[in-house]
Amino acid sequence: MTTPRKTMLAAASVLAMTAGAAQAETLTISWWGFNGEKLDQYIVQPFQEKCGCELVFETGNNADRLNKVKIRGGAGVDVIYLTDSFSQLGVEEGLFQKIDRSKIPNIDGLYELAQDPQGGYGPAYTIGRVGIVYDSEKVNPPITSWADLWREDLASQVSLPGITTTAGPMVVMIAGEKAGTNAFDDADPAFAEIEKIKPNVVKNYNTGSEMINLFSTGEITVSLAQDFALGQLQAAVPSVVWADLEDGAIATLNTVNIPTGAANVELAHEFINFILDPELQKTLAQNGVDAPVAASVELTEEEAAQWTYGKEMIDGLKRVDYSKMNQAKNAWVDRWNEIFGM
């Protein structure tokens, strides 16, 4: 039989737990939600245990999530994950606050490219690359430069990324380099080169799965791709390889930022420092989540095969000026669509 004293103690215990739960800090994170089970295992659960807080999430694509922050005037989330083209927009529109590096000591151990890519705002937590992939059984000689995309022997064999994708505008940059100009300063020579490549282009693709399907059906033998798609592509078509370009692949950075209206800035800094920890970075790389940006991370050749990894590779990447890109993109989209009849 329960005594009044036991009943009072039980009630007090429930009240204490309820009060503790009510006082628990909450960190709201905006991210894509890919690899959900692995992110929960390696990031969410360990960080919640470490901080005694609760993580809640807002998921979606880059454009939708950034637009939500803009509509809310920089509020609603404490940390936001974006690709660098979109985080640059957030910086330019005043949606993010500068970070306090003294509260994120793990930044100092990152590759230089990842530490401060946008002038005092968030670091990059992973680095990828855009390059050329091709079917080594059907393309000979091998592709060794961006200019090879224009080769006559590749007529009706190439797929380019759509102009509104991450990699699409990079084609315009590359075309400008082939023409000997900077496409941001003068786009005319770049689009003249894009006219010249048109006979080689079967289709513009808009998703990685669409590009993989084009290889699988034999409709194409060459394409531009982001390195995160390489594993799936080779699983579908084992003879596809990543081109070793003498003029370098293009860097793509995923950044993490703190919006201006973040409700829990201190915990946001703690979280960013947590995801930059070298041991966690290594674990994420080994389990197929993200490439490491902590310079001290050492991977085996097999573990590193799918990633943009190591100082030599990272130092050789081309960097995109997204401030100029964002200014030029609308005009480029119109001109691209005129050429490809879209």
Side-chain heavy atoms of Asp116 within contact of Pro123, under 4.5 Å: no

Path from Ile29 to Val289 over hydrophobic side-chain contacts below 4.5 Å: yes

Tyr125 vs Leu276 side-chain heavy atoms within contact, under 4.5 Å: yes

Any side-chain donor near an acceptor of the partner, Gln45 and Glu49, under 3.5 Å: no

Note: Glu210-Lys203 ion pair, threshold 4.0 Å (strictly below): yes

Distance in Å, Thr260 OG1 paired with Gln97 CD, rounded so as to fall on 0.5 Å steps: 7.0 Å

Steps toward salt bridge (charged side-chain N to carboxylate O under 4.0 Å, His left out) verdict (Lys282, Glu303): CA-CA 10 Å; Lys282 182 173 183 176; Glu303 291 168 345; over 6 Å; no

Short side-chain to backbone donor-acceptor contact, Gln118 and Asp84, under 3.5 Å: yes

Distance-minimising heavy-atom pair for Leu55 and Gln48: N-OE1, 2.9 Å

Chi angles and distances behind the side chain to side chain contact (heavy atoms under 4.5 Å, CB included) call for Ile127, Trp307: CA-CA 8 Å; Ile127 296 175; Trp307 300 125; over 6 Å; no

From CA spacing to verdict: side chain to side chain contact (heavy atoms under 4.5 Å, CB included), Thr252, Thr83: CA-CA 7 Å; Thr252 58; Thr83 57; over 6 Å; no

Within residues 154-166 or reaching into it, pairs that qualify as side chain to side chain donor-acceptor pair (under 3.5 Å) - sequence neighbours excluded: Gln157-Thr221

Charged N-O contact under 4.0 Å between Glu270 and Lys50: yes

Test log, rule salt bridge (charged side-chain N to carboxylate O under 4.0 Å, His left out), inputs Glu193 and Lys196: CA-CA 5 Å; Glu193 289 293 335; Lys196 293 177 183 177; 3.4 Å; yes

Intermediate values then yes/no, side chain to side chain contact (heavy atoms under 4.5 Å, CB included), His269 and Ile99: CA-CA 8 Å; His269 280 87; Ile99 60 169; 4.0 Å; yes

Side chain to side chain donor-acceptor pair (under 3.5 Å) between Thr217 and Glu219, worked out: CA-CA 6 Å; Thr217 58; Glu219 292 177 73; 2.8 Å; yes

Carboxylate-amine/guanidinium contact Lys70 Glu93, below 4.0 Å: yes

Approximate separation, where rounding is to 0.5 Å, of Ile272 CD1 and Asn257 CG: 7.0 Å

Spacing of Met211 atom CE and Tyr205 atom OH [to the nearest 0.5 Å]: 4.5 Å

Sidechain-backbone polar pair: Lys38 side chain, Asn287 backbone, donor-acceptor under 3.5 Å: yes

Stepwise side chain to side chain donor-acceptor pair (under 3.5 Å) check, Thr308 with Asp227: CA-CA 8 Å; Thr308 300; Asp227 62 350; 2.5 Å; yes

Hydrophobic cluster identity match, Leu110 and Ile43, side-chain contacts under 4.5 Å: yes

N/O donor-acceptor pair under 3.5 Å between Glu177 side chain and Asn182 backbone: no

Donor-acceptor contact present, side-chain Trp146 to main-chain Gly248, <3.5 Å: yes

Atom pair CZ (Phe191) and CD (Glu338), whose distance is rounded to the nearest 0.5 Å: 9.0 Å

Which atom of Ser239 lies closest to which atom of Ser136, heavy atoms considered: O-OG, 2.7 Å

Asn264 side chain to Asp78 side chain, donor-acceptor N/O pair below 3.5 angstrom: no

Pair Met170-Val320, side chain to side chain contact (heavy atoms under 4.5 Å, CB included): steps then yes or no: CA-CA 8 Å; Met170 296 176 186; Val320 178; 4.1 Å; yes

Chi angles and distances behind the ring-ring contact (aromatic ring centres under 6.0 Å, His included) call for Tyr121, Phe96: CA-CA 7 Å; Tyr121 295 89; Phe96 305 147; 7.2 Å; no

Backbone N/O of Val79 and side chain of Trp31: donor-acceptor pair under 3.5 Å: no

Close side-chain approach of Val256 to Ile80, heavy-atom, < 4.5 Å: no

Tyr81 vs Asn254 side-chain heavy atoms within contact, under 4.5 Å: no

Side-chain touch Ser223/Leu214, heavy atoms, less than 4.5 angstrom: no

Residues, nucleotides or ligands: over 12 heavy atoms within 6.0 Å of Asp244 CG: no

SB check Asp247 Lys318 (cutoff 4.0 Å): no

Minimum side-chain heavy-atom gap Glu92-Ser323 below 4.5 Å: yes

Heavy-atom check, side chain of Arg151 versus side chain of Pro141, under 4.5 Å: yes

Check: Ser102/Asp100 side-chain N/O donor and acceptor closer than 3.5 Å: yes

Nearest-0.5 Å distance, CD1 of residue Ile132 to CD1 of residue Ile174: 7.0 Å

Pair Phe86 + Tyr322: ring centers closer than 6.0 Å: no

Any donor-acceptor N/O pair, Asp148 side chain to Ile143 backbone, under 3.5 Å: no

Check: Cys53 and Phe47 side chains under 4.5 Å, non-hydrogen atoms: yes

Trp332 reachable from Ile197 in the ILVMFWY side-chain graph, under 4.5 Å edges: yes

Side chain Thr126, main chain Ala291, donor-acceptor under 3.5 Å: yes

Any side-chain donor near an acceptor of the partner, Asn204 and Trp336, under 3.5 Å: yes

Cationic N near anionic O, under 4.0 Å, Glu195 to Arg335: no

Distance under 6.0 Å and angle within 45° of ring axis: Arg65 vs Trp32: yes

Straight-line distance of Trp150 CH2 to Asn200 CG, nearest 0.5 Å: 9.5 Å

Main-chain N/O of Phe215 paired to Asp135 side chain as donor or acceptor, under 3.5 Å: no

In one Ile/Leu/Val/Met/Phe/Trp/Tyr side-chain cluster, 4.5 Å: Leu113, Leu299: no

Donor-acceptor pair, side chain of Asn273 and main chain of Asn106, under 3.5 angstrom: yes

Exam field: side chain Gln281 to backbone Ile275, donor-acceptor pair closer than 3.5 Å: yes

Minimum heavy-atom distance between Tyr309 and Pro292, given as atom pair plus value: CD1-CG, 3.9 Å

Single-linkage hydrophobic cluster, 4.5 Å side-chain cutoff, Leu317 and Leu230 together: no

